[in-house]
Amino acid sequence: MRVLIAPDKFAGTLTAVEAAAAIEEGWRRRDPDAEVLVAPMADGGPGFIDVLSAVVDGTLLSVTVRGPLGEDTPATVLLAGETAYVETAQACGLHLVEPEQRRPEDATTYGVGQLIAAAVDAGAKRIILGLGGSGTNDAGAGLLAALGATAAGGSLDAGAAGLAALTEVDLEPARTRMAGIEFVAASDVENPMLGLRGATNVFGKQKGLADERKPEVDGWLTHFAELADRKTADQNGAGAAGGLGYALLLLGAERVSGIDLVAELTGLKEKASRVDLVLSGEGAFDFQSRDGKVIAGVAKVANDAMRPCVVLAGKVLIGSREMRTMGVESAYSLVDAVGEAQAFADPHGSLAAVAERVAKTWAR
């Protein structure tokens, strides 16, 4: 039996690399002679560098940057020749702030700009940024400030709240400093920055923004866009990572699919063609999994190769009809198999146990 294991992270419990190891361990208990290929995946959010550092021939540059609320935060840039890979969540991720301390109106992306500056100082001419998992909603103003942009009347590096009183924005210093640098924004979020489908209204709540605050905060971002470039705010992907997509588009970035980029770099398509079964997984297999997430991308590759795709997830929250429209043959839930308490207490062991059960059904 030839098996490809290509999971996403199980948020809060296992990285994609750890999840792949647990699935392989469980499968081999039932089918020790299986030929197993492993390809941990990411869509641009947390885990982006962890996954790529295993397949890209490069070096890791350690940097200390400003975190979302101003604290010193360690981060890394993956350097491969003149290309640098940046995981923006390392500088502005939601996971960096405890739930009771989250202040999305004050959180800044300044640290992301510092990561970009470090990459350029190290000789990078092409910067690929994974967008996702952010705890910020500042339209990327902090990033622009770290690269030299200036403003009057307010502050670019004080989160969305700093944008309210702006009277003038000058992006030219940032554009001049980044002249000749190619930016690639890896994200599967297609939302614009403003309005009902924008960053604030769609993603604000998960970052701790109360519903009653959304209109005012969206107004702050609108005000900033009117001073910087209103038209760009309406482009697909401008709302990614709390508006980081907008800032990168202002710098001339090209948008690409995060999962497609990682799939290409990990050789997922070629690996899928060599196996009998593809296994993927994530913490919660739900309706959001359809929208450019890892499972959707892995299932598409598996289907293109005419191989069945099976999912192992912490929770399975969609029905069989919906999952089959994604190209997923079947899905198995850790919570259903071992209980929620055990799944969180021992995620590795629980995932391995479920993988063993899957092998009982699918191994030849």
Side-chain angles (χ1 to χ4, degrees), residues 63 65-70 73 75 77 84 86-93 104-121 124 127-131 134-187 192-194 198-200 217-218 220-235 237-255:
V63 186
V65 300
R66 188 191 304 183
L69 295 179
T73 301
V77 175
V86 171
E87 179 183 314
T88 61
Q90 289 192 5
C92 68
E105 296 181 27
D106 303 317
T108 178
T109 55
Y110 191 91
V112 180
Q114 291 177 303
L115 283 176
I116 292 172
V120 172
D121 290 344
I127 302 177
I128 300 175
L129 300 102
L131 308 186
S134 75
T136 52
N137 194 70
D138 71 344
L143 176 156
L144 295 168
L147 297 179
T150 61
S155 177
L156 296 178
D157 64 352
L163 309 178
L166 290 176
T167 57
E168 183 180 346
V169 173
D170 185 3
L171 302 180
E172 286 310 307
R175 286 173 169 156
T176 299
R177 184 177 182 187
M178 293 295 110
I181 304 299
E182 178 186 355
F183 288 99
V184 178
S187 169
M193 188 173 72
L194 307 172
T200 304
V217 174
D218 191 51
W220 294 342
L221 268 61
T222 301
H223 176 61
F224 173 61
E226 288 171 346
L227 294 172
D229 185 335
R230 179 64 178 80
K231 186 176 180 180
T232 299
D234 295 329
Q235 291 186 23
L244 262 178
Y246 173 68
L248 292 170
L249 288 171
L250 290 176
L251 295 175
E254 172 195 4
R255 278 187 65 236

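FYI, side chains are in, hydrogens and waters are out, and symmetry mates aren't considered; it's all heavy atoms of this structure. Count residues from 1 along the sequence.
- Heavy-atom minimum distance, H223 versus A164: CD2-O, 3.6 Å.
- Between the Y246 side chain and the D229 main chain, a donor and an acceptor come within less than 3.5 Å of each other.
- In plain terms, the two heavy atoms of T73 and G67 that are nearest each other are OG1-CA, 3.3 Å.
- One finds the CE atom of M193 at 7.0 Å from the OG1 atom of T222 (value rounded to the nearest 0.5 Å).
- A pairwise comparison of heavy atoms in G243 and A199 identifies N-CB, 4.1 Å as the closest pair.
- The distance from the CZ atom of F183 to the CE atom of M178 is 5.5 Å, given to the nearest 0.5 Å.
- Looking only at side-chain heavy atoms (C-beta outward), L144 and L251 come within less than 4.5 Å of each other.
- In this structure a side-chain-to-backbone donor-acceptor pair under 3.5 Å is present from R175 to L250.
- With L143 as reference, I116 is the one residue of I116, L156, L115 to meet the side-chain contact (heavy atoms from CB on, under 4.5 Å) rule.
- Residue L249 holds its CG atom at 7.5 Å from CZ of R255, rounded to the nearest 0.5 Å.
- The shortest non-hydrogen separation linking L194 to A225 is CD1-CB, 4.2 Å.
- At least one donor-acceptor pair under 3.5 Å links the side chain of Q114 to the backbone N or O of R66.
- In plain terms, the two heavy atoms of A91 and G111 that are nearest each other are CB-C, 3.6 Å.
- Going from atom CG of L163 over to atom OG of S155 covers 8.5 Å, rounded to the nearest 0.5 Å.
- Heavy-atom minimum distance, A119 versus I127: CB-CD1, 4.1 Å.
- Rounding to the nearest 0.5 Å gives a distance of 7.0 Å between CG of L129 and OG1 of T88.
- V63 is not listed as a side-chain neighbour of Q90, based on a closest heavy-atom distance of 4.5 Å or more.
- Within the 4.5 Å cutoff, side-chain heavy atoms of L244 are placed close to those of C92.
- When the options D138, D157, T136 are evaluated for a side chain to side chain donor-acceptor pair (under 3.5 Å) with T109, the one that passes is D138.
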